[in-house]
Protein chains: 2
Amino acid sequence: MAKEIKLTEGEQEILHVLWQSGPSSVRDIHEIIGAPKQKSYTTTLKIMQIMYEKGLLTRNESSKTHIYKAAISEKSSKQQAVGKIIKNLFKGSAAQLVMHALGNHRPSKEELDEIKTYLSQLDESADKKK
Amino acid sequence: MAKEIKLTEGEQEILHVLWQSGPSSVRDIHEIIGAPKQKSYTTTLKIMQIMYEKGLLTRNESSKTHIYKAAISEKSSKQQAVGKIIKNLFKGSAAQLVMHALGNHRPSKEELDEIKTYLSQLDESADKKK
DNA sequence: TTCGTTCTACGAAATTATTCGTACTTAAAA
DNA sequence: TTTTAAGTACGAATAATTTCGTAGAACGAA
């Protein structure tokens, strides 16, 4: 199992932006999440520096403006986040989460079809297993 | 939209237990989450008292040992938690979360059937809407 | 009634996270 | 070359959270 990483609120926000936008400068990130909240630039900088020290981010220092990248994958974070929710809020049942998600966030017809297709694929591969 | 409630790590743990077990004493909760982590009893007590002051818990003081209940519903917390994940990690697509959950937590045949049934119901009711 | 156990209340220390000011560096523009 | 704009580093204040010790109340058993 992947190591359990504990992220603070601020760290999560920064990772989300980096995953969406790709490698970014502190300024880039700050415009998106710090500035709108009236936080000073050095606040964003500090958090990113700490994340760098912790190994949550890597950075390219070749130019004056450092460019940061997420050092942990969105994929593993998704898995951890979803797994945690299933465990804590849905008594371990992925199916319950699925139905909850479908019930509350009304996917479009297209999305529903997408899911059905996916489900039938799952069925088939389940047969072939082991 | 329901008010955005921010819970600390410790608060979440306690709510999870209360939702699972129903009304409980501090001792009950402590045995489940404090004791295994070698925390002292008063630590659990203190957090629950603070939660009570914040209105996150209610309590019955009729006996010496107070009995606490969660004051916020598991349902709304689920909605908030799932909504947040969909927004932050799945670009707003519930379908993506669903497929991720199905892909990583291999539900049993029974669960799959359950989901399919649920899906077809959704389809029908979608037709009737507005 | 007295003792021992179990509880709550509360204050304060310790820890963790966020926030920001200041100093110094770099590089480009004037 | 001087000035100005934009960056980084870093220390320290503040805020939020967790942790625990101590005091005193409640209550049952001896």
Side-chain angles (χ1 to χ4, degrees), chain A residues 3-18 21 23-72 77 84 88, chain B residues 3-18 21 23-72 77 84 88:
Chain A
K3 185 162 89 275
E4 170 75 21
I5 299 179
K6 186 142 169 302
L7 300 170
T8 70
E9 196 65 21
E11 290 171 344
Q12 288 186 33
E13 281 185 308
I14 287 169
L15 283 172
H16 291 153
V17 175
L18 283 171
S21 312
S24 308
S25 66
V26 173
R27 178 68 56 189
D28 294 332
I29 304 291
H30 181 251
E31 292 308 318
I32 296 175
I33 56 186
K37 286 192 285 188
Q38 319 264 88
K39 297 298 164 59
S40 93
Y41 173 80
T42 52
T43 297
T44 305
L45 170 67
K46 181 66 161 191
I47 293 182
M48 290 180 73
Q49 285 174 338
I50 291 173
M51 290 175 79
Y52 170 71
E53 283 161 21
K54 286 187 188 174
L56 295 172
L57 305 181
T58 60
R59 69 183 184 190
N60 180 326
E61 307 181 352
S62 64
S63 61
K64 183 185 125 188
T65 302
H66 300 174
I67 300 299
Y68 289 80
K69 284 202 274 190
I72 63 183
S77 300
K84 193 171 168 191
N88 290 327
Chain B
K3 184 160 92 275
E4 171 75 22
I5 299 180
K6 186 137 171 304
L7 300 170
T8 69
E9 197 66 19
E11 290 171 344
Q12 287 184 36
E13 282 186 306
I14 287 169
L15 283 172
H16 292 154
V17 175
L18 283 172
S21 312
S24 309
S25 66
V26 173
R27 178 66 57 190
D28 294 333
I29 304 291
H30 181 250
E31 292 309 319
I32 296 175
I33 56 186
K37 286 191 286 188
Q38 318 263 88
K39 297 299 163 61
S40 94
Y41 172 81
T42 52
T43 297
T44 306
L45 170 67
K46 181 66 161 191
I47 293 182
M48 290 179 72
Q49 284 173 338
I50 291 173
M51 289 175 79
Y52 170 71
E53 283 162 21
K54 285 187 188 176
L56 294 172
L57 305 181
T58 59
R59 71 184 183 191
N60 181 326
E61 306 181 353
S62 63
S63 64
K64 183 184 130 190
T65 303
H66 299 175
I67 300 299
Y68 289 80
K69 283 202 275 190
I72 62 182
S77 300
K84 193 171 167 188
N88 290 328

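Values below: all heavy atoms of this structure, side chains included; hydrogens, waters and symmetry mates excluded.
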Atom-to-atom span, CD of B/Glu53 to P of D/dA16 - whole angstrom: 15 Å
Residue A/Ser40, side-chain heavy atoms: nucleotide from C/dT18, D/dG21, C/dC20 that is nearest: C/dC20
Touch class at under 4.0 angstrom, heavy-atom based, for A/Lys39 against every strand present: sugar-phosphate
Length of the CD1-P vector between B/Ile47 and C/dA9, whole Å: 16 Å
Length of the line joining B/Leu7:CG and D/dA16:P, which is rounded to integer Å: 16 Å
Distance, rounded to the nearest Å, where A/Met48 contributes CE and D/dC10 contributes C1': 17 Å
Rounded interatomic separation in angstrom, taking CD from A/Gln38 and C1' from C/dT18: 16 Å
Side-chain N,O (A/Thr8) to OP1/OP2 (C/dT18) below 4.0 Å: yes
Side-chain donor/acceptor of B/His30 to backbone N/O of B/Thr43, under 3.5 Å: no
Rounded distance in Å - CD1 (A/Ile50) to C1' (C/dT15): 14 Å
Exam field: side chain A/Thr42 to backbone A/Leu45, donor-acceptor pair closer than 3.5 Å: no
Exercise: identify the closest heavy-atom pair between B/Leu7 and B/Gln12: O-NE2, 3.5 Å
Proximal nucleotide (of C/dT8, C/dT18, C/dC10) relative to the B/Lys46 side chain: C/dC10
Residue B/Lys6, side-chain heavy atoms: nucleotide from C/dT18, D/dT17, C/dA12 that is nearest: D/dT17
Nearest-nucleotide comparison on DNA chain C, the residue closer to the 5′ end among B/Thr42 and A/Glu9: B/Thr42
Distance below 4.0 Å between A/Tyr41 side-chain N/O and D/dT8 OP1 or OP2: yes
Rounded distance (nearest 0.5 Å) linking atom CD1 of A/Ile67 with atom CG of A/Leu57: 12.5 Å
Full working for side-chain contact (heavy atoms from CB on, under 4.5 Å) between A/Ile5 and A/Leu56: CA-CA 10 Å; A/Ile5 299 179; A/Leu56 295 172; 4.2 Å; yes
Side-chain touch A/Ile29/A/Met48, heavy atoms, less than 4.5 angstrom: yes
Presence of A/Gln49 side-chain N/O under 4.0 Å of D/dT8 phosphate oxygens OP1/OP2: no
Interatomic distance where NE2 belongs to B/His30 and C1' belongs to D/dT18 [whole Å]: 13 Å
Any A/Thr43 side-chain nitrogen or oxygen under 4.0 Å from OP1 or OP2 of C/dC20: yes
Atom-pair distance (CD1 on A/Ile67; C1' on D/dA6), nearest Å: 13 Å
Sugar-phosphate only, base, or nothing, as touched by A/Thr65 at under 4.0 Å among non-hydrogen atoms: sugar-phosphate
side-chain N/O A/Arg27 vs D/dA6 OP1/OP2, d < 4.0 Å: no
Along DNA chain C (nearest heavy atom to each residue), the more 5'-positioned of B/Ser25 and A/Ser63: B/Ser25
Out of D/dA5, D/dC20, C/dT6, whichever nucleotide has its closest atom nearest the side chain of A/Lys64: D/dA5
C/dA9 phosphate, OP1 or OP2, under 4.0 Å from B/Arg59 side-chain N/O: yes
Listed nucleotide nearest any side-chain atom of B/Leu45, set C/dA9, C/dA17, D/dA9: C/dA9
